[in-house]
Protein chains: 2
Amino acid sequence: MFTETEENYLKAIYKIAQKQGESSVNTKAIADEMGTSSASVTDMIKRLSEKKLLQYEKYYGVSLSKDGQKVALNLLRKHRLWEVFLHDSLGFSWDEVHDVAEQLEHVQSDLLVDKLDQFLGFPKFDPHGDPIPNANGSFTFRNQMPLSQVRIKNSKVYILGVRQHDSSFLKYLNDLKIRPGQTFEVIQFIEYDKSIKLLSKEGDQIMLSEKIADAIFVKSNN
Amino acid sequence: MFTETEENYLKAIYKIAQKQGESSVNTKAIADEMGTSSASVTDMIKRLSEKKLLQYEKYYGVSLSKDGQKVALNLLRKHRLWEVFLHDSLGFSWDEVHDVAEQLEHVQSDLLVDKLDQFLGFPKFDPHGDPIPNANGSFTFRNQMPLSQVRIKNSKVYILGVRQHDSSFLKYLNDLKIRPGQTFEVIQFIEYDKSIKLLSKEGDQIMLSEKIADAIFVKSNN
DNA sequence: TATTTTATTTAGATTTGTCTAAAATTTTAA
DNA sequence: TTAAAATTTTAGACAAATCTAAATAAAATA
């Protein structure tokens, strides 16, 4: 249907729009996300615009059309289902799944996606806690807040997911045994630098900077 | 490492060499296998030759180098492991697995292949009965003969695999409940046209032409 | 508002993989 | 052994995706 590169552009545009909370995305942002030049992005944008996958106004960025969103969401669905497979079935750690899923998401077969979804038991979230769109493209939402906002002592926090997905960040958390599904107690909040101290079930104390705590999503009993 | 197309050429050359029982493969055969023109094949051959993946003598065809064979065998290994996954884990029928595996085999991750192999229990044969090379590239061999050569009445035959993999042929066999692992009894052999009549465990009689019988590999008690 | 900085587009070139048509070579058959 | 047929290669062109450098437009700033 579409080339792998076209798909990746659509996904990048979707991601940026999501992150900035606005549908209009500029050329530079796409170039940065794709690791390519602005000139290349302009070329590709024109092609995707001709194929009605996005609206493009010269010098004023692009926004995905209904069709473009559909492609991006389907890609996201496949990516996250494969991550669940790699993590739950094959035993990959959560910092290893992304790069491989990046390749697997481009395999074209609706039957495969359906059967994989079924095999995995129709999971609603991936190993990073991100929601998996269903076949119609709709997510399950849930209440979550950055750990950095939990500032009340003795709060119990349940790890739901993370804001960033780069391997080094995930490895850091993994070493601290912080991963989705784990529970901690907030035992200290330092006003001065907004850092936070957690207590694990095993009795370990973990100190997190505001920056780290802000990238962790939790459910809290407060 | 190599492009998907380069990998596919190497696989095609390996397959042809295997089938004809001779390592030297000519341009036309590759063009037919790849569904492309001879001119394109010549172009690609030159590139692969420069990369030391095959020996090429103008007008006299090519043969894979050690490195080229390694790539082809690894591809075959990945293809067949994915076929086992699609069939055994996801419930694909054996005529549905090939096209999807054709895409999956190009995913680059040694860790993935190892983990998949382990997850599947280190299978030695794929759903068509073809041997799966191990990580070193060596197969498990087994005694097998074309069903067409079993000409003695009351022979028990155990289906091991097939010579061809096109979807329509596999569907035909599937409808007759002929698939690897099944057992039949030879109840008639017609000298005139070399056709053969089988009896299934369920009591069904199945008539097969010589052409069909020749494409089915069996273990026989004779 | 004028100038500088940043972002975007255009123009022209490159690589990969493909094609068709024509030329060259090898094989087959008379 | 020579002519015809088949195969292989070369030449030239094209589409996709990329690049750099130059030109243009928009945004930021003084």
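So that the names make sense, note that chain A is the first sequence line, chain B the second, and so on, each numbered from 1. All heavy atoms count here, side chains included; hydrogens, waters and symmetry mates do not.
- Straight-line distance from the CD1 atom of A:I30 to the P atom of D:dT18: 13 Å, rounded to whole Å.
- Distances shown here put a side-chain N or O of A:Y56 below 4.0 Å from the OP1 or OP2 atom of C:dT9.
- By the 4.5 Å heavy-atom criterion applied to side chains, A:V62 and A:N26 are not counted as neighbours.
- Straight-line distance from the CE atom of A:M34 to the P atom of D:dT18: 6 Å, rounded to whole Å.
- Map A:Y60 and A:S37 each onto its nearest nucleotide of DNA chain D; the residue landing nearer the 5' end is A:S37.
- Between A:K11 and A:E102, at least one side-chain N (NZ, or NE/NH1/NH2) sits under 4.0 Å from a carboxylate O, which counts as a salt bridge.
- Among the nucleotides D:dT18, C:dT18, D:dT8, the one closest to the side chain of B:S40 is C:dT18.
- Across all strands shown, A:D43 has heavy atoms under 4.0 Å from base atoms, whether or not it also approaches the sugar-phosphate.
- As rounded to whole Å, 19 Å separates atom P of C:dT25 from atom CG of B:N26.
- The side chain of A:A39 sits closest to C:dA11 out of C:dA11, D:dT7, C:dT8.
- Rounding to whole angstrom units, OH of residue A:Y59 and P of D:dA23 are separated by 13 Å.
- In this structure, A:K28 places its NZ atom 14 Å from P of C:dT9, rounding to the nearest Å.
- Residues meeting the side-chain contact (heavy atoms from CB on, under 4.5 Å) test with B:R142, sequence neighbours left out: B:F125, B:Q144, B:L160.
- With respect to the salt-bridge test (charged N to carboxylate O, under 4.0 angstrom), the residues A:E33 and A:K28 do not qualify.
- Taking a 4.0 Å limit (strictly below) on heavy-atom distances, residues 3-22 of chain B reaches DNA chain C at B:T3, B:T5, B:Y9.
- Ion pairing of A:E6 with A:K51 is present here, as a side-chain N (NZ or NE/NH1/NH2) and a carboxylate O approach within less than 4.0 Å.
- Put simply, B:K58 has a side-chain N or O that comes within less than 4.0 Å of OP1 or OP2 on D:dT10.
- Nucleotide D:dT8 holds its P atom 17 Å from the CE atom of B:M44, rounded to whole Å.
- Counting non-hydrogen atoms under 4.0 angstrom, A:S38 reaches a base of the nucleic acid.
- Note that CZ of A:F169 is 9.5 Å distant from CZ of A:R163, once rounded to the nearest 0.5 Å.
- Distance A:D32 CG to C:dT6 P: 14 Å, rounded to the nearest Å.
- Ionic pairing of B:K194 and B:D214 is not present here: no N-O contact between side-chain nitrogen and carboxylate oxygen is shorter than 4.0 angstrom.
- In this structure, B:T42 reaches the bases: a heavy-atom distance under 4.0 Å links it to at least one base atom across the strands shown.
- For A:K46 and C:dT8, the NZ to C1' distance is 10 Å, given to the nearest whole Å.
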